[in-house]
Number of protein chains: 2
Amino acid sequence: MPKRVDHDQRRRELAEALVRCARTRPLHAIGYREVAAEAGVSLNLVQYYFPTKEKLLHGGLVHLRAVMARRLRDRLAETTGDDDPVQRIRLILRELLPHDPVSADLYRVHAAYAALALTDPALAAEPHTAGPDQIYPELTDLVTAAQKAGRLSAHVDPHLAAVALLGAATGLSAYAASGYLTSEQAAQALDQQLDLVLEPHRGSR
Amino acid sequence: MPKRVDHDQRRRELAEALVRCARTRPLHAIGYREVAAEAGVSLNLVQYYFPTKEKLLHGGLVHLRAVMARRLRDRLAETTGDDDPVQRIRLILRELLPHDPVSADLYRVHAAYAALALTDPALAAEPHTAGPDQIYPELTDLVTAAQKAGRLSAHVDPHLAAVALLGAATGLSAYAASGYLTSEQAAQALDQQLDLVLEPHRGSR
DNA sequence: CGTTTCGTCGTACCACCGTACGATAAAAAC
DNA sequence: GTTTTTATCGTACGGTGGTACGACGAAACG
């Protein structure tokens, strides 16, 4: 049984178990024993790959972010090459909303990490947690492209516009996750906002 | 010393101590002892007024929401009667962003409660936690007024527009709280977004 | 074949947390 | 003036969580 093992693979499995636990229980309250049970291994194995709890939490965050980024990339890739920047912006922002049970789970865990990072310096220091991080540059480029195509007034700052749109998606995600809005309502609100900001068929003004 | 005491007042004091603790430490990790120490009383006094931890957390949330609502009301009241709906919307949304250390602290604790409510059924059931709740109706009315004043295209749904703007404020608050944006940047992004959605001097189109 | 390393497990320790059980003074009630 | 209530405290108990220590097979290495 105990032949050579890929440590990164094992860590990924355990991090996945942690994320699975965090879908339904407060992140801070999840411990080694719970992760071990969820992964079907014993306590010490978890501790073997994540010697301290801080590293365990960190590993879960890394995995979560990888999964979310991959899902976003896959979803965007399977859309036939749509070169309209406004349409692409819409796709990206829509994908950020929780739209199915899996993405809702991921969002919930991500929110737990974001909240924890606000008070836990160890988490706040390491990788970006709540920020738009990866998608932000691409979105800024797309907004700039839309602006050049005359879909957006020339005097607005694309950086600010991009981050404002991202913020709207984030906030609406929060409302949807907490049950205040249905995911359909959130999507509608986002769509309408996009229609107001980036009007599809208007010359520059 | 032990004469008759106003229980609500005591509860408020203790809840305030809890919120003070939660500014810098994970909410879930705060216990009776820490709150007692922060309030300068002993363990059992906290337990006397909040017999169970669930009630303690609940009390903290109630107090936090009361403080935030009062701050918002006060800030809005001290603005000289500005009857322009767009300007009033701007004031409200700006006030939702963290703009000083106190509001940043309050936002952080509020975010911790919102995240906890996503997995803790006891918190999710009781009062609204993450939702725009109180301000939402007023904001919808203001958006409707702006629409009637020709500042917003007639075919948009004011409810969706209001919730989208609220979502933008919420998301930008998250970015500001997590250090991804400065509060100035968040305010600029929000302002620009408002300028795009509710154009100040345009006829109905 | 002996030895060392590696992955995995069982168990134990210490500290802390929520909760409960008195105890004690001061005020109120009678 | 006695008794009962009220606000407050000190301390204790059961449980749980992070961490540590040791053990034990299986492979790799010589």
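As the structure is a computational prediction, the values presented were derived from the model and not from experiment. The basis for the numbers below is simple: all heavy atoms, side chains too, and nothing from hydrogens, waters or symmetry mates. Chain A is the first sequence line, chain B the second, and so forth, proteins listed ahead of strands; every chain is numbered from 1.
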Would you mind listing every side-chain hydrogen bond (donor to acceptor under 3.5 Å, both in side chains) that reaches into residues 137-147 of chain B, with sequence neighbours excluded? none
Using only side-chain N and O atoms of H7(B), determine if any of them is under 4.0 Å from OP1 or OP2 of dT6(D). no
Selection from dC9(C), dG7(C), dT8(D) that lies nearest to any side-chain heavy atom of R10(B): dT8(D)
Interatomic distance, CG@L160(B) vs CD@Q192(A), rounded to 0.5 Å, equals 5.0 Å
OP1 or OP2 of dT19(D) versus the side-chain N and O atoms of T52(A): is any pair under 4.0 Å? yes
Testing dT8(D), dC9(C), dA20(D) for proximity to the side chain of V41(A), the answer is dC9(C)
Just how far, in rounded Å, is P of dC17(C) from CZ of F50(B)? 19 Å
If you look at every strand shown and take non-hydrogen atoms under 4.0 Å, does Y49(A) touch a base, only sugar-phosphate, or nothing? sugar-phosphate
Grab the CD-P distance between Q47(B) and dA20(C) for me, whole Å please. 7 Å
Counting N and O atoms only, with roles assigned by atom type, does the side chain of Y32(A) sit under 3.5 Å from a partner on the main chain of V46(A), one being a donor and the other an acceptor? no
On the nucleotide dC9(C), are OP1 or OP2 found under 4.0 Å from the side-chain N or O atoms that Y48(A) carries? no
Atom-to-atom span, NE2 of H28(B) to P of dC16(C) - whole angstrom: 17 Å
Here the distance between atom P of dG18(C) and atom CG of L57(B), to the nearest Å, is 9 Å
Does Y32(B) make a side-chain N or O approach to OP1 or OP2 of dT19(C) shorter than 4.0 Å? yes
Any donor-acceptor N/O pair under 3.5 Å between dG18(D) base and R33(A) side chain: yes
Between E34(A) and G40(B), name the one whose nearest nucleotide on DNA chain D is closer to the 5' end. G40(B)
Atom CG of L57(A) and atom CG of L18(A): how far apart are they, to the nearest 0.5 Å? 6.5 Å
If you check the L45(B) side chain, which of dT19(C), dT8(D), dC9(C) turns out closest? dT8(D)
Residue list, side-chain contact (heavy atoms from CB on, under 4.5 Å) with L45(B), at least two apart or on another chain: R10(B), V41(B), Y49(B)
Contact class for L56(A) vs. all strands (heavy atom < 4.0 Å): base, sugar-phosphate, or nothing? nothing
Residue K53(A), side-chain atoms from C-beta onward, closest of dT8(C), dG18(D), dT8(D): dG18(D)
Round to the nearest Å and state the distance from K55(B) atom NZ to dT19(C) atom P. 11 Å
